Amino acid sequence: MKKTIVLGVIGADCHAVGNKILEHAFTQAGFNVINIGVLSPQEDFINAAIETNAEAILVSSLYGHGEIDCRGLREKCDEAGLKDILLYVGGNLVVGKQDWNSVEQRFKDMGFNRVYPPGTSPDTAINDLKHDLGVE
Amino acid sequence: MKKTIVLGVIGADCHAVGNKILEHAFTQAGFNVINIGVLSPQEDFINAAIETNAEAILVSSLYGHGEIDCRGLREKCDEAGLKDILLYVGGNLVVGKQDWNSVEQRFKDMGFNRVYPPGTSPDTAINDLKHDLGVE
Amino acid sequence: MELKNKKLSRDEFLKIREEVLNQWPTGRDVDLEEAAQYLKSVPDYKNFCVKLKKAKDEGITLAQPRAGVALVDAHIELLKYLQNEGGADLLPSTIDSYTRQNRYSECEVGIEESKKAGRSMLNGFPAVNYGVKECRRVYESLELPLQARHGTPDSRLLSEIIHASGWTSNEGGGISYNIPYAKSVSVEKSLTDWQYCDRLVGIYEEMGIHINREPFGPLTGTLVPPSMSNAVAIIEGLLAAEQGVKNLTLGYGQCGNLIQDVAAIRALVEQAEEYFKEYGYDIELTTVFHQWMGGFPADESKAFGVICTGSAAAALAGATKVIVKTPHEAVGIPTKEANAAGIKATKQTLNLLRGQRLPLSKELKDEIELIKAETKCIIDEVLKLGKGDIAVGTVKAFEAGVLDIPFAPSRYNAGKMLPARDNNGAVRYLEFGNVPMNKEIRDYNRKLLEERAKYEGRDVSFQMVVDDIFAVGRGVLIGRPEK
Amino acid sequence: MELKNKKLSRDEFLKIREEVLNQWPTGRDVDLEEAAQYLKSVPDYKNFCVKLKKAKDEGITLAQPRAGVALVDAHIELLKYLQNEGGADLLPSTIDSYTRQNRYSECEVGIEESKKAGRSMLNGFPAVNYGVKECRRVYESLELPLQARHGTPDSRLLSEIIHASGWTSNEGGGISYNIPYAKSVSVEKSLTDWQYCDRLVGIYEEMGIHINREPFGPLTGTLVPPSMSNAVAIIEGLLAAEQGVKNLTLGYGQCGNLIQDVAAIRALVEQAEEYFKEYGYDIELTTVFHQWMGGFPADESKAFGVICTGSAAAALAGATKVIVKTPHEAVGIPTKEANAAGIKATKQTLNLLRGQRLPLSKELKDEIELIKAETKCIIDEVLKLGKGDIAVGTVKAFEAGVLDIPFAPSRYNAGKMLPARDNNGAVRYLEFGNVPMNKEIRDYNRKLLEERAKYEGRDVSFQMVVDDIFAVGRGVLIGRPEK
Ligand code: B12
Ligand code: B12
C-alpha cells in the first residue's frame with residue numbers, strides 16, 4: 001500500500017517551483033502525495049496529516065523566514081496527536097549563507113528528523129524517506 | 001637642469017608595455033630618461049647609471065622572478081661607486097598574490113628606497129621622485 | 001466597486017485612501033500635500049525618472065541590485081555599501097515577505113528577533129512598520145534614486161509610505177505581483193488594488209512630481225515564454241497609463257538564448273509603444289532586463305558566469321537597466337560584499353560592451369516578429385474577453401487560461417501551459433493549454449521542440465521541462481538527458 | 001644554412017638535432033624511436049588533436065587554463081586540481097621565463113630556492129631541467145591532453161623533451177614567440193629554430209603520430225589590430241605546414257568589440273583555409289580565442305566580468321577552445337583555487353551559450369571583409385619582399401616595418417605602427433608606419449578614429465593610445481578622457 005506524505009511550503013513563502021517538482025518526484029517514487037502548496041500555515045500541515053493519516057510531513061522553506069515559521073511545529077504535532085510523525089525540512093532555510101552545521105542543528109533542536117541544505121536533489125530525500133519508513 | 005634617471009625591466013622579463021608607458025610619463029614630467037628596456041641584467045642598469053650620471057634607477061619586474069633578479073643590486077651599485085643612488089622598484093614583484101607589506105619589506109631589506117605594488121600609476125612615482133630629489 | 005479600466009476619480013481614490021491609511025498605525029503619518037512638498041525637494045540626481053531618461057538618451061545600461069534587511073541602520077549601511085563600494089547606479093529597498101502578505105504584526109516579531117539575534121531574521125526591509133519618518137531617513141542617507149521592490153498583491157499602504165518618503169519608483173503590478181507571489185488573492189482584487197497604487201503616482205504627476213513605475217517582468221522567473229511576459233508587461237503598462245502614470249519601465253527576465261533575449265526586449269519596446277500610441281497614452285518608456293531569475297548554481301564562480309552572461313545580454317539588447325544577481329544567489333540572501341561583487345562584475349561587463357548592440361540579422365528579425373505575433377494573439381484575446389476593457393479582460397483571461405504563467409502558485413492561474421527549451425535554448429510553448437495562438441505559431445513551436453527531441457533521442461515530454469528547470473543550476477542552459 | 005621556406009631534409013634535421021640535444025644534460029635522454037613508441041601509446045582522450053577535432057565537429061568550445069610551478073609534485077597537484085575541481089577540458093604546462101631564455105642554470109637556482117622557500121619562486125615549470133622522465137610523470141598523472149605553453153624563441157630542446165614525454169601539443173612560432181618575448185633575437189634565427197620544432201612534429205606525423213601545433217595568436221596582447229595578428233597567424237601556419245605539421249590551431253586575442261572579435265575568428269578560418277588550399281597543404285584547422293590579454297582590473301569581481309565577456313565572445317565566435325584568465329590576473333600567478341575559479345566561470349558561460357553563434361549581419365559581414373582585405377595587403381607584401389618565399393619575406397617584412405607589432409620589446413620590430421580604439425571599441429590603425437594598406441583602408445581607419453576624436457572632443461593622438469592601454473584595467477573598454 002502507498003505511503004501518504006504531506007508536502008507544502010510554510011509561512012508567507014510563495015516559492016512554487018521546487019514544490020511542484022517535489023510533488024512530481026515523490027509521486028513518481030510511489031508515494032501518495034498530499035500537496036498543500038505554498039503559503040501554508042503550520043495548522044494546514046497538521047490538519048492535512050491528520051485527515052489523510054500521513055506518515056511524514058515534508059516542509060519546504062525557501063525564502064529565509066524558515067527559522068521563525070517552523071518554530072513550534074513539532075510541539076503542535078504532538079498536541080494534535082501526531083506523535084513521532086516524521087518531520088523533514090528543506091530549502092533555503094535561513095536568511096543568508098550560513099554555516100550549514102549550525103543551521104542543521106537549529107532545526108534538529110526544533111524536532112525535525114531530517115534537515116536538507118539548499119539544492120538537495122529529490123532523490124536524496126526519497127531514499128531517506130524509504131529508509132526511515134522501512135519501504136524497499 | 002633635467003634630472004637623469006635609468007629605467008628598465010630586470011632579468012629574463014619581456015613585459016614591455018609598462019616600460020614604454022613609464023618612459024613616456026617620466027619624459028613628459030621633465031626627466032631625462034635613459035631606457036635600457038626589457039630583459040636587462042643588473043650590470044646594464046649600473047653601467048647606464050654610471051655613464052649618464054643618473055640620480056635614480058627605476059627597476060621594473062613584472063613576471064614574478066623579481067625576488068631572485070633584484071638580489072644584490074644595491075651591493076653592486078655600492079661597489080660600482082653609485083653610493084646612495086635612489087633605487088625604486090615596481091611591478092608584479094613576486095610570484096603570486098602575496099601580502100603586500102611582507103613583499104615591500106623584502107625589497108626594502110634588499111636596499112630599495114621605494115617599492116610599488118602592482119598597477120601603481122606613473123604619477124605616484126613621479127611625485128615621489130620629485131620629492132626625493134628635491135625638485136619642485 | 002466594479003473593476004473597470006478607468007481612471008479613478010479623485011473622490012473614489014480619497015475614499016479608498018481613508019481605509020488604506022488605517023491598515024496600520026504608520027499610515028496615519030502620510031499627508032499627501034506634505035508628501036508632495038517633500039517630493040518636490042528631491043534633486044534630479046536622486047529622481048528615478050530623470051536618471052533613467054538620461055541613460056536611455058545616452059544608450060547606457062544602468063545596474064541595480066536587490067537588497068533589504070530588517071533593521072533601519074543596517075539597511076542604510078547595506079545600501080551605502082552598494083552605492084560606494086559596489087558602484088550601483090540605482091538603489092532598491094527589497095521589502096520582506098511578511099509585509100508582502102500585509103502581515104505587519106509578524107514583521108514586528110521579525111524586527112524584534114533581528115535585534116536579539118544581531119542579524120536580519122527578515123528577508124527584506126519592513127517599510128510599512130517603520131513608516132514615513134524612518135523611510136525618509138533611508139532616502140536621505142543615500143545619493144542615488146531609490147525604489148521599492150517587493151511582490152505585494154495589495155501594496156497600497158506600502159506605496160503611500162514609500163512615495164511620501166522620497167522613493168521615486170515602485171515595482172509591481174496587479175498581475176505580476178499577484179500570480180507569482182500569492183495563492184488565493186483574486187486577480188480582480190489585485191488589479192483593483194494596483195489601480196490605486198498607479199492612481200497615487202498619477203496624482204503626484206498631476207502635482208508636477210515624476211515617479212517611475214515598473215511592472216515586474218520575470219513573473220515566476222522560470223521558463224516564462226517571452227510573449228507571455230511581454231503580454232503581461234504591456235497589459236500592466238496600459239493599466240498604469242490609464243491611472244495617469246507617465247514614466248514606465250517594462251521588464252523582461254533573461255531566458256538564456258541571446259537572440260531570443262535581445263528580440264524580447266526590442267519586441268517589448270516596439271509593441272508597447274504601438275499600444276500606448278493606439279490608446280493615446282503619452283509615456284516615457286524604458287526597459288529593465290533581469291539577469292537569470294531561475295535556479296542558480298551554488299558555486300560562486302559559476303554564478304559569476306551566469307551573472308555576466310545576463311549582463312552581456314542586457315547590454316547587447318540595449319536595456320535601460322539590469323537587475324543584478326549575486327554569487328550567493330543559490331544559497332541565501334547575499335552579504336553586502338557578495339552583493340557588491342555581483343554589481344562589480346555586472347558593471348565591468350556593461351562597461352566593456354557599452355554602446356555595442358546585437359546587430360540586426362535575419363535570425364533576430366524573425367524572432368522579434370515571432371514574439372510580437374504571439375504577444376498580439378494573447379492581447380487580442382484578452383481585449384475580446386473584456387469586450388474592449390483590458391482590466392475586465394485580464395480577469396477573464398486568467399479564468400480562461402488565456403493568460404497562464406508557468407509554475408505560478410496562484411489558484412487563479414490555470415497552470416495548463418507548459419514551456420520548454422528548443423534545441424538552441426530558446427523558451428517555447430510545449431503545451432499551449434488555452435493560450436490562444438494561430439496554427440502557424442503552434443506548428444512552429446512544436447516543430448522546434450520536435451527538433452530538440454530528435455537531437456536528444458527522446459519524445460517531447462514533461463521530463464524535458466523538469467530537466468530544463470534544473471539545467472542552469474547544474475551548469476548548462478538546456479536540460480539534455482545524461483549520456 | 002640560409003633561411004628558406006622549405007621542408008628540412010631528415011639529414012639536415014638530424015644534424016641540427018645532435019647539437020640541440022647537447023644543450024643541456026637532459027637532452028641526452030631523448031630517443032626519437034623510443035619516443036615514437038611512447039607517443040603511440042597515448043590514448044585518444046589524451047591526444048590534443050583528437051579532442052580538438054571532436055570539439056570542432058560538435059561545435060563546442062573547450063576551456064584551457066594556463067598553469068605551471070617550479071616543483072614537479074606541486075605542478076602535478078596543480079594540474080590535477082584544474083582537471084578535477086576546475087573542470088578544464090585541456091591542460092597546459094606553462095614554462096618558466098628562464099627556460100624561455102634558455103638560461104637553464106638559473107632554473108636550477110629557481111628550483112632550489114623554491115624547495116627552500118616552500119613556494120614556487122619560478123613563474124612556470126622548468127621542463128628542460130626536469131627532462132623526459134619527470135615530464136612523462138606529469139603526463140601520466142593526468143587524464144587530459146597536455147600542451148607546453150611558453151614564449152621561447154629557441155624552443156628546440158624543449159620541444160624534443162615535451163613531445164617525447166607524451167605532450168601532444170606545443171604552442172609558439174618563429175614570430176609569435178620572438179617579437180613579444182625577446183629583445184635581441186633576430187627573426188631569421190627564431191624562424192630557423194621554429195622550423196626545427198615544426199619539422200620534429202612533421203617527422204612524428206610521418207611515423208603516424210598526431211601532434212598539434214599552435215602559433216601564439218595574441219602577440220603582445222595589447223591592442224594588436226586583428227589583421228596584423230591574423231597575418232602573423234597565417235604566416236606561421238604556412239611555415240609549420242611546410243615542415244609537415246598537419247594539425248594546427250590558429251589563435252586570436254580578444255580585442256573587446258564583439259563584432260570585431262567574432263569577425264576576426266571567422267576571417268582567420270576562412271582566409272587561412274584559402275591559403276592552405278592555394279599552397280596545397282592538407283591541414284586539420286581549429287581556432288583558439290584568448291580572453292583579454294592586456295592589463296586586467298585588480299578587483300576580482302571585475303576580473304570575472306572580463307573573463308566572462310571573453311568566454312561569451314569565444315562561444316559566439318565558435319572558437320574551438322578558449323584560453324582562460326583568472327581573478328588574480330592583475331596581481332600575480334594565480335593560486336590553484338583562483339585558477340579553477342576562472343575555469344568554472346568560463347565553462348558556465350560557454351555552457352550557457354553552447355551552440356549559439358553571432359548571426360551574420362551586415363555589420364559582421366563588413367568587418368570580416370575589412371579584416372580579410374587588410375590581412376591580404378600585409379601578406380601580399382610579405383610574399384613580394386620574399387620573392388615568393390614567405391620565410392625570407394617575413395624577415396624582410398620586419399626590417400621594413402611591413403609586419404609591425406605594437407609595444408613589442410624586440411629590436412627587430414619597427415614599432416612604428418600605432419593602434420587605438422574607434423568609437424565602438426574596435427581596434428584600428430592610428431599610425432600605419434610602414435604597414436602597407438590601400439588608400440581605401442587607410443581612409444576608413446582614419447575616419448573611424450576621427451569619429452571617436454570628435455565624440456571625445458579631442459584630437460586623434462598618442463594620448464588616446466595610452467588611455468586605451470589603461471582602460472580595461474580601470475573598468476572600461478575605451479579610454480575616454482575624464483569628464
Ligand atoms: C525563482 C525564484 C523566485 C521566484 C519564485 C516564483 C515562484 N512563485 O515559485 C520569485 C521571483 C517570485 C521569487 C521571489 C522571492 N524570492 Co526567490 N528565488 C528564486 C530562485 C532564483 C530559484 C528558486 C527555484 O525555483 N529553484 C528551482 C527549484 C526546483 O529548486 P528549489 O526551490 O531549491 O527546491 C528544490 C530543493 O531545494 C529541494 N527542496 C526544497 N524544499 C525541500 C524540502 C524537503 C523536505 C526536501 C527534502 C527538499 C526540498 O527540492 C526542490 C526540488 O528539487 C531562488 C535562488 C536559487 N535557488 O537559485 C531564490 C530565493 C529562494 N528567493 C529568495 C528570496 C529572498 C525571495 C524574495 C523574498 C524576494 C527577494 N528578496 O528577492 C521573494 C519571496 C516572496 C515570498 N513571499 O516568498 C532567496 C531566499 C534567501 C534566503 N533563504 O536567505 C533566494 C535563495 C535567492 C537569494 N539568494 O536571495 N523568487
Ligand atoms: C600583457 C601581458 C603579457 C604580454 C607582454 C607583452 C610584452 N612584451 O609586453 C605577454 C602575453 C607576452 C606576457 C607574457 C608573460 N607574462 Co604577462 N602579463 C601581461 C599582463 C596581462 C598585462 C601587463 C601590461 O602590459 N600591463 C599594462 C601596463 C601599462 O601596466 P604594467 O605592466 O603593470 O606597468 C605599470 C605599473 O605596474 C607601473 N610599474 C611597472 N614597473 C614599475 C617600476 C616602478 C619603479 C614604478 C614606480 C612603477 C612601475 O607602471 C607601469 C605603467 O603604468 C599582466 C597582468 C596584468 N597586469 O593585468 C601579465 C603578467 C605581468 N604576466 C605574467 C606572466 C607570468 C607572464 C609569463 C611568464 C607567461 C605566463 N605565465 O602567463 C610571460 C613572461 C615571459 C617573460 N619572459 O617575461 C604574470 C606575472 C605573475 C607574477 N608576478 O606573479 C602577470 C601578472 C599575469 C598573471 N597574473 O599571471 N604577458
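Since the model is a prediction, treat every value here as computed from it, not as a measurement.
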Check: Under a 4.5 Å heavy-atom cut-off, does chain D meet the side chain of N257(C), its backbone, both or neither?
Finding: both

Next item on the list: Return the minimal non-hydrogen interatomic distance between K56(C) and T320(C), and the atom names on each side.
Entry: N-CG2, 4.0 Å

Item checked: CD on E58(C) to NZ on K53(C), rounded to 0.5 Å -> 10.5 Å

Notebook entry, point to check: Quick one: CZ on F296(D) to CD on Q291(D), what's the gap to the nearest 0.5 Å?
Noted result: 6.5 Å

Next item on the list: Report, by ascending residue number, the residues of residues 80-87 of chain D in heavy-atom contact with chain C at a distance under 4.5 Å; give 'none' if the set is empty.
Entry: none

Note to self: Given heavy-atom pairs under 4.5 angstrom as the criterion, report whether the side chain, backbone, both or neither of L350(D) touches chain C.
What the structure shows: neither

Next item on the list: Salt-bridge test for E143(D) and K46(D): reply yes if a basic N is under 4.0 Å from a carboxylate O, no otherwise.
Entry: no

Item checked: Pair E456(D) + R452(D): basic N to acidic O under 4.0 Å -> yes

Note to self: Among A345(C), G425(C), G355(C), which residue has the highest count of heavy-atom pairs closer than 4.5 Å to chain D?
What the structure shows: A345(C)

Check: Considering all heavy atoms of both residues, which atom of V427(D) and which atom of L223(D) are nearest to each other, and what is their separation?
Finding: CG1-O, 3.5 Å

Next item on the list: Verify, without hydrogens or angle tests, whether N339(C) (side chain) and R66(C) (backbone) share a donor-acceptor contact under 3.5 angstrom.
Entry: yes

Checklist line | salt_bridge(E450(C), K454(C)) N-O dist < 4.0 Å | finding: no

Check: What residues of residues 322-335 of chain D sit under 4.5 Å from chain C when you count only heavy atoms?
Finding: none

Checklist line | Contacting region of L353(C) [heavy-atom separation from chain D under 4.5 Å] | finding: side chain

Checklist line | Short N-O contact, K347(C) and D89(C), less than 4.0 angstrom | finding: yes

Next item on the list: Compare every heavy atom of H290(D) with every heavy atom of G217(D), then report the nearest pair and how far apart it is.
Entry: N-NE2, 4.4 Å

Next item on the list: Please report the closest heavy-atom contact between Q356(C) and G256(D), naming both atoms and the distance.
Entry: NE2-O, 3.1 Å

Check: Donor-acceptor pair, D261(D) side chain versus C255(D) backbone, under 3.5 Å?
Finding: yes

Next item on the list: Apply the test side chain to side chain contact (heavy atoms under 4.5 Å, CB included) to residues E363(D) and N424(D): give CA-CA distance (whole Å), side-chain angles for both, the deciding distance (0.1 Å), then the verdict.
Entry: CA-CA 12 Å; E363(D) 290 82 347; N424(D) 293 316; over 6 Å; no

Check: Looking only at heavy atoms, which two atoms of G318(D) and T61(D) are closest? And how far apart?
Finding: C-OG1, 4.5 Å

Check: Can you pull out the residues in residues 473-482 of chain D with any heavy atom less than 4.5 Å from chain C?
Finding: G475(D), V476(D), L477(D)

Margin query: Determine whether R421(D) and Q260(D) satisfy the following criterion, side chain to side chain contact (heavy atoms under 4.5 Å, CB included), listing intermediate values before the conclusion.
Written below: CA-CA 11 Å; R421(D) 295 193 185 280; Q260(D) 187 178 45; 5.7 Å; no

Item checked: Neighbours of chain D found in residues 297-315 of chain C - heavy atoms under 4.5 Å -> P297(C), D299(C), S301(C), K302(C), F304(C), G305(C), V306(C), C308(C), T309(C)

Notebook entry, point to check: Should we count OH of Y45(D) as having more than 12 external heavy atoms under 6.0 Å?
Noted result: yes

Check: Which pair of heavy atoms, one from L144(C) and one from L90(C), lies closest together, and at what distance?
Finding: CD1-N, 4.3 Å

Notebook entry, point to check: V465(C) and side-chain contact (heavy atoms from CB on, under 4.5 Å): which partner among T222(C), L430(C), V460(C)?
Noted result: L430(C)

Item checked: Residue L352(D) versus chain C: region with a heavy atom under 4.5 Å -> both

Notebook entry, point to check: Knowing that exactly one of L370(D), D366(D), L364(D) qualifies, which makes a side-chain contact (heavy atoms from CB on, under 4.5 Å) with I368(D)?
Noted result: L364(D)

